[in-house]
Number of protein chains: 2
Amino acid sequence: MANTNLMPSADTRKSTITDDKLFEIIELLFFAYRDFVSDPDEILTRYQFGRAHHRVLHFVSRNPGLRISELLDILKITKQSLGRVLRQLIEDGFVEQREGSTDRRQRLLFLTDAGSDLALRLAEPQLRRIAGALETAGPGNAALARDFLYSLVNDEEHAKVKAIIEK
Amino acid sequence: MANTNLMPSADTRKSTITDDKLFEIIELLFFAYRDFVSDPDEILTRYQFGRAHHRVLHFVSRNPGLRISELLDILKITKQSLGRVLRQLIEDGFVEQREGSTDRRQRLLFLTDAGSDLALRLAEPQLRRIAGALETAGPGNAALARDFLYSLVNDEEHAKVKAIIEK
DNA sequence: AAAATATGTCAATACTACTGACGTATTATT
DNA sequence: AATAATACGTCAGTAGTATTGACATATTTT
């Protein structure tokens, strides 16, 4: 399998941007994400929690009454993976489940007061980091950053993502 | 621990951007990264590899002759974690180690032809995704996206990251 | 009554990561 | 030449996240 020619050279791809510039952004996405999650990670270890717990706390915090199936679709993990994480959060008193009022099969998710507090403490360094980055990049660039990130998301997820982030 | 007041409200933080807009970007970073790594992940499973293998292939591909210690500093993982991943990549013929010419303690890392091929195949969907996002966002925004991501990186890492991405 | 939905749970497995310690080869310092 | 520092490898033990595939229950829809 010498050269399968899976990557056309820059001039055969209709793009004005060089591959070197694209590689820069690939690497910056790695570095940015690495540091972006490092602050919450540090807090989470004190609770014996990991990133999965953070994600649940975040999305339930932003969407009280979220259903299990919706959370699974957001996180793109399996029921089993979510199950253990959710059980720990409930046992430790950060998350509550309530029966759906119209559909009693549903287990709607809510944060307790302790859960809300923790979610805020986890969000705080990330909010600070992003606010700082947007100030460095200059005002008015929040929309550009948002549009760029949004375009990175799979097309078929766009509608769902839009519905989730716009509160 | 009712309200520890760890998050000042928007008006006490000197920022023109509302928290809601910042939360949008927090969530978009999650969704963008989730989908950004999904294509390579799918390829990697065929080799029984994971994301850590991808990262090694990527950074060695971009920096032939990289030292173990440099790679550890980039990935921010421990020697032990890197050790197993590297051993698998070497056993499977994707990575080679060579003694440093001036310092024989060093194990300089290089990709084999198979390793280069795999690195390219893994990079290809990510290059495409980013090129597409930058075209959607409009030309000239590559620099803005790059600056925004760069600002998200820890300040004390800026010099190192700059040196790595600018090839 | 049957089918579909929402959720929970089991066992087995694997990837990534950690801490802490110890060992070896090589180079730099005194 | 002896000592210290560096670069790397490796051991054991543990933990968090994730998977597949199967099976079970309660509830709602058809």
Side-chain angles (χ1 to χ4, degrees), chain A residues 30 33-34 37-38 40-58 60 65-92 95-110 122, chain B residues 30 33-34 37-38 40-58 60 65-92 95-110 122:
Chain A
F30 165 74
Y33 200 79
R34 180 197 68 178
V37 295
S38 65
D41 275 358
E42 208 262 317
I43 298 170
L44 290 160
T45 55
R46 302 176 209 160
Y47 296 85
Q48 307 251 59
F49 288 162
R51 270 176 220 174
H53 300 80
H54 183 190
R55 291 181 193 133
V56 171
L57 287 169
H58 174 89
V60 175
L66 196 65
R67 286 183 290 123
I68 298 283
S69 57
E70 290 172 324
L71 193 47
L72 287 172
D73 191 47
I74 288 171
L75 301 179
K76 302 281 185 219
I77 58 174
T78 58
K79 253 192 304 185
Q80 296 75 4
S81 296
L82 178 58
R84 197 175 42 79
V85 167
L86 207 47
R87 190 182 335 116
Q88 291 172 307
L89 286 169
I90 291 169
E91 280 172 2
D92 293 357
V95 171
E96 273 180 2
Q97 285 185 329
R98 300 185 208 150
E99 252 181 10
S101 53
T102 60
D103 187 338
R104 284 167 49 215
R105 289 172 301 183
Q106 298 174 347
R107 297 295 130 83
L108 308 186
L109 301 171
F110 297 88
L122 292 168
Chain B
F30 165 74
Y33 201 80
R34 180 196 69 177
V37 296
S38 65
D41 275 358
E42 208 263 316
I43 298 170
L44 290 160
T45 54
R46 304 177 207 158
Y47 296 84
Q48 308 252 58
F49 289 161
R51 267 176 222 175
H53 301 80
H54 183 190
R55 289 180 194 132
V56 171
L57 286 169
H58 174 89
V60 175
L66 196 66
R67 286 184 290 123
I68 299 283
S69 57
E70 290 172 324
L71 193 47
L72 287 172
D73 191 47
I74 289 170
L75 301 179
K76 302 280 184 219
I77 59 174
T78 58
K79 253 192 303 185
Q80 295 75 3
S81 297
L82 178 57
R84 198 176 42 79
V85 167
L86 207 48
R87 191 184 332 116
Q88 290 172 310
L89 287 169
I90 291 169
E91 279 172 3
D92 293 356
V95 171
E96 273 180 1
Q97 284 185 328
R98 301 185 207 152
E99 252 182 10
S101 52
T102 59
D103 187 338
R104 285 168 48 215
R105 288 172 302 185
Q106 298 175 347
R107 296 295 130 84
L108 309 186
L109 300 171
F110 298 88
L122 292 168

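Contact check, A:Ser69 against C:dT7: a side-chain N or O comes under 4.0 Å of OP1 or OP2. A sub-4.0 Å separation between OP1 or OP2 of C:dA14 and a side-chain N or O of B:Arg51 is absent. Between B:Ser81 and the phosphate of C:dC18, there is a side-chain N or O to OP1/OP2 separation shorter than 4.0 Å.
The distance from the CG atom of B:Leu75 to the CZ atom of A:Phe30 is 5.0 Å, given to the nearest 0.5 Å. Between B:Leu66 atom CG and B:Leu72 atom CG the span is 9.5 Å, to the nearest 0.5 Å. With values rounded to the nearest 0.5 angstrom, A:Phe49 atom CZ is found 7.0 Å from A:Leu57 atom CG. Considering CD1 of A:Ile90 and CG of A:Leu109, their distance stands at 7.0 Å, rounded to 0.5 Å. Note that the CZ atom of B:Arg34 and the CD1 atom of A:Ile74 stand 8.5 Å from one another [nearest 0.5 Å].
Looking at residues two or more places apart in sequence or on another chain, you find no salt bridge (Lys or Arg N to Asp or Glu O under 4.0 Å) involving B:Glu91. Under the rule for a salt bridge (Lys or Arg N to Asp or Glu O under 4.0 Å), A:Arg55 has no partner lying at least two apart in sequence or in another chain. Take B:His53 and apply the side chain to side chain donor-acceptor pair (under 3.5 Å) test, not counting sequence neighbours, and it matches B:Gln88. Contacts of A:Arg51 classified as side chain to side chain donor-acceptor pair (under 3.5 Å), with partners at least two apart in sequence or in another chain: A:Asp41. Residues satisfying the side-chain contact (heavy atoms from CB on, under 4.5 Å) criterion with A:Arg98, sequence neighbours excluded, are A:Glu96, A:Phe110. Listed by chain and residue number, nothing satisfies the salt bridge (Lys or Arg N to Asp or Glu O under 4.0 Å) test with A:Arg87 (two or more places apart in sequence, or in another chain).
Contact footprint of chain A on DNA chain D: nucleotides with an atom under 4.0 Å from a non-hydrogen protein atom, first to last in 5' to 3' order, D:dG16 to D:dT28.
One interatomic measurement links the two molecules: CZ of A:Arg34 to P of C:dT16, which rounds to 18 Å at whole-angstrom precision. Per the geometry, CG belonging to B:Leu72 stands 15 Å off P belonging to C:dT16, to the nearest Å. At whole-Å resolution of the value, CD in A:Gln48 and P in C:dC18 are 16 Å apart. As a whole-Å value, the separation of B:Tyr47 OH from C:dC15 P is 16 Å. Here the C1' atom of nucleotide C:dA6 and the CG atom of A:Leu108 are 11 Å apart, to the nearest Å. Atom CD1 in A:Ile90 sits about 11 Å away from atom C1' in C:dG8, given to the nearest Å. Between A:Ile77 atom CD1 and C:dC15 atom P the separation is 19 Å, expressed in whole Å. Atom P of nucleotide C:dG8 and atom CZ of A:Arg67 are separated by 13 Å, given to the nearest angstrom.
Fit an axis to the five pairs at each end of the helix from C:dA1-D:dT30 to C:dT30-D:dA1 and the two axes sit 20° apart, to the nearest 10 degrees.
Annotation: salt bridge (charged side-chain N to carboxylate O under 4.0 Å, His left out) contacts involving residues 67-76 of chain A, sequence neighbours excluded, comprise A:Arg67-A:Glu70, A:Asp73-A:Lys76, A:Asp73-A:Lys160, A:Lys76-A:Glu157.
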The contact string for nucleotides 24-30 of chain C, one letter per nucleotide 5' to 3', using protein heavy atoms under 4.0 Å with B, S and - for base, sugar-phosphate only and none, comes out as -BBS---
Can you give each donor-acceptor pair under 3.5 Å made by side-chain atoms of residues 79-86 of chain A, sequence neighbours left out, with the distance rounded to 0.1 Å?
unit_1: A:Gln80; atom_1: OE1; unit_2: A:Thr78; atom_2: OG1; d: 3.4
unit_1: A:Ser81; atom_1: OG; unit_2: A:Thr78; atom_2: OG1; d: 3.1

Taking only nitrogen or oxygen atoms into account, show me every contact under 3.5 Å that the protein makes with nucleotides 9-12 of chain C, one pair per line with its distance.
unit_1: C:dT9; atom_1: O4; unit_2: A:Gln80; atom_2: NE2; d: 2.8

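Within 6.0 Å of CD in B:Gln48 there are 12 or fewer heavy atoms belonging to other residues, nucleotides or ligands.
Backbone-only contact: B:Gln97 has heavy atoms under 4.0 Å from sugar-phosphate atoms and none from a base.
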